[in-house]
Engineer: 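Below are the structure tokens for one structure; questions will follow.
The figures here come from the full heavy-atom set of this structure, side chains too, leaving out hydrogens, waters and symmetry mates.
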Amino acid sequence: MTSQRTRDRLINRLREQGIKSETVLDVMRQTPRHIFIDEALSHRAYEDTALPIGYNQTISQPFIVARMTETLLEAGPLKRVLEVGTGSGYQTSILAPLVGELYSVERIRPLQEKARNRLKLLGLNNTHLKHTDGGMGWPAKAPFDGILAACAPEEVPEELKQQLAVGGRLIIPVGGSENQELKLVVRESETEYTTQVLECVKFVPLLSGTVR
């Protein structure tokens, strides 16, 4: 179930669902999603569905990974990007080949350590991981040309907005457990932001604090 034919079938489905960036699709075709989940679920790795990875977290649905990545990059190349919620490291592995430097924060240390090993295995040397409360971002490395959040706060955190460079783009699911919307926030100037709702989604909540 991890053959190239199985991967190609997933890519064709993503294309049919409206993913247009062949660059994003190529990276997803080449990335072995099965190494990011438990072996017992590896036969489902190339289904277009979210899967559990422990600690009440999930590896995101491939369509949503593609959609968020495509939207983040559609205004042009990004040099510095922040990812909020490393999780399994799958979204990280899709973003890393497409940006200059990728900074990723995760509040659950065991997940982060597994992700670090997977990224090393794939030779993705432009990734920088930190164990911290995700909602606070990574202020010391700001400003970022792009921020992608893989967990949903009730409202867009002001801390993340402030870490965007002018012209920078933030892709983030927002809302409670029942009603979430994927939003694109663009920092137009030092004080002005525009927000666009992309679609309804379902993500794990963004929680405060850290887990060791």
Engineer: For the atom pair OG1 (Thr71) and NZ (Lys183), what is the distance rounded to the nearest 0.5 Å?
Structural biologist: 15.5 Å
Engineer: Does any non-hydrogen side-chain atom of Tyr55 lie less than 4.5 Å from one of Leu111?
Structural biologist: yes
Engineer: What are the two closest heavy atoms between Ser104 and Thr86, and how far apart are they?
Structural biologist: OG-OG1, 2.6 Å
Engineer: May I ask whether Val84 and Val156 are part of the same hydrophobic cluster, defined by side-chain heavy atoms of I, L, V, M, F, W, Y residues being less than 4.5 angstrom apart, directly or through others?
Structural biologist: yes
Engineer: How close do Ile172 and Cys151 get, heavy atom to heavy atom, and via which atoms?
Structural biologist: CG1-O, 4.4 Å
Engineer: Between the side chain of Asp48 and the main-chain N/O of Phe63, is any donor-acceptor distance below 3.5 Å?
Structural biologist: yes
Engineer: Compute whether any side-chain donor of one residue and acceptor of the other, for Arg15 and Asn12, lie under 3.5 angstrom apart.
Structural biologist: yes
Engineer: Would you say that Thr127 contacts Asn125 through its side chain, given a criterion of any heavy-atom pair below 4.5 Å between the two side chains?
Structural biologist: no
Engineer: Looking at every heavy atom in both Pro173 and Ala149, which two are closest together, and how far apart are they?
Structural biologist: CD-O, 3.2 Å
Engineer: What heavy-atom pair brings Ala150 and Gly85 nearest, and what distance separates the two atoms?
Structural biologist: CB-O, 3.8 Å
Engineer: Say you draw a straight line from CD1 of Ile35 to OG of Ser93; how long is it, rounded to the nearest 0.5 Å?
Structural biologist: 7.0 Å
Engineer: Taking the side chain as C-beta and beyond, is there a heavy-atom pair between Ile171 and Leu182 under 4.5 Å?
Structural biologist: yes
Engineer: So, does Glu106 use its side chain to make a donor-acceptor pair with the main chain of Ile108 at under 3.5 Å?
Structural biologist: yes
Engineer: Under 4.5 Å between any side-chain heavy atoms of Val24 and Leu98, yes or no?
Structural biologist: yes
Engineer: Within the structure provided, determine whether Ile64 and Val201 are in side-chain contact (heavy-atom separation under 4.5 Å).
Structural biologist: yes
Engineer: Evaluate the side-chain proximity of Val204 to Thr58: yes if any heavy-atom separation is below 4.5 Å, no if none is.
Structural biologist: yes
Engineer: Under a 4.0 Å N-O cut-off, is there an ion pair linking Asp26 with Arg29?
Structural biologist: yes
Engineer: Are Tyr193 and Val166 connected into the same hydrophobic cluster when the rule is that any two of I, L, V, M, F, W, Y join if their side-chain heavy atoms are below 4.5 Å apart?
Structural biologist: no
Engineer: Is a side-chain N or O of His34 found less than 3.5 angstrom from the main chain of Ala45, in a donor-acceptor match?
Structural biologist: no
Engineer: Can a salt bridge be assigned to the pair Arg187 and Glu192 using a cut-off of 4.0 Å between side-chain N and carboxylate O?
Structural biologist: no
Engineer: Pair Arg67, Glu70 - check salt bridge (charged side-chain N to carboxylate O under 4.0 Å, His left out), show working.
Structural biologist: CA-CA 5 Å; Arg67 177 88 162 99; Glu70 180 178 67; 5.1 Å; no
Engineer: For Lys141, is there any backbone N or O sitting under 3.5 Å from a side-chain donor or acceptor partner on Arg80?
Structural biologist: yes
Engineer: Do Val185 and Arg169 touch side chain to side chain, with heavy atoms closer than 4.5 Å?
Structural biologist: no
Engineer: Is it the case that more than 12 heavy atoms not belonging to Glu39 sit under 6.0 Å from its CD atom?
Structural biologist: no
Engineer: Under a 4.5 Å cut-off applied to non-hydrogen side-chain atoms, are Gln91 and Glu83 in contact?
Structural biologist: yes
Engineer: So how far is it from Leu119 CG to Thr92 OG1, rounded to the nearest 0.5 Å?
Structural biologist: 5.5 Å
Engineer: Looking only at the side chains, is there a donor atom on one of His128 and Glu101 sitting less than 3.5 Å from an acceptor on the other?
Structural biologist: yes
Engineer: Between Glu158 and Gln162, do the side chains contain a donor N or O and an acceptor N or O under 3.5 Å apart?
Structural biologist: yes
Engineer: Search all heavy atoms of Asp145 against all heavy atoms of Ala165 and return the closest pair with its distance.
Structural biologist: OD1-CB, 4.2 Å
Engineer: Mark yes or no for whether Arg118, through its side chain, and Gly89, through its backbone, hold a donor-acceptor pair below 3.5 Å.
Structural biologist: no
Engineer: Do Thr194 and Glu188 meet the criterion of a side-chain donor-acceptor pair at a distance under 3.5 Å?
Structural biologist: yes
Engineer: Check the side chains of Tyr46 and Arg33 for a donor-acceptor pair under 3.5 angstrom, ignoring hydrogens and angles.
Structural biologist: no
Engineer: Using every non-hydrogen atom in the two residues, find where Val65 and Ser60 come nearest and quote the distance to one decimal.
Structural biologist: CG2-CB, 3.7 Å
Engineer: Any ion pair linking Glu113 and Arg116 (charged N to carboxylate O, less than 4.0 Å)?
Structural biologist: yes
Engineer: Keeping the roles fixed (side chain from Thr69, backbone from Ala66), state whether a donor-acceptor pair exists under 3.5 Å.
Structural biologist: no
Engineer: Keeping the roles fixed (side chain from Glu155, backbone from Val174), state whether a donor-acceptor pair exists under 3.5 Å.
Structural biologist: no
Engineer: How long is the gap from CG on Leu160 to CZ on Phe144, to the nearest 0.5 Å?
Structural biologist: 9.5 Å
Engineer: Is it true that a side-chain atom of Asn126 and a backbone atom of Val99 form a donor plus acceptor pair closer than 3.5 Å?
Structural biologist: yes
Engineer: Apply the side chain to side chain contact (heavy atoms under 4.5 Å, CB included) test between Leu72 and each candidate in Leu95, Ile147, Leu170; give the one that qualifies.
Structural biologist: Leu95
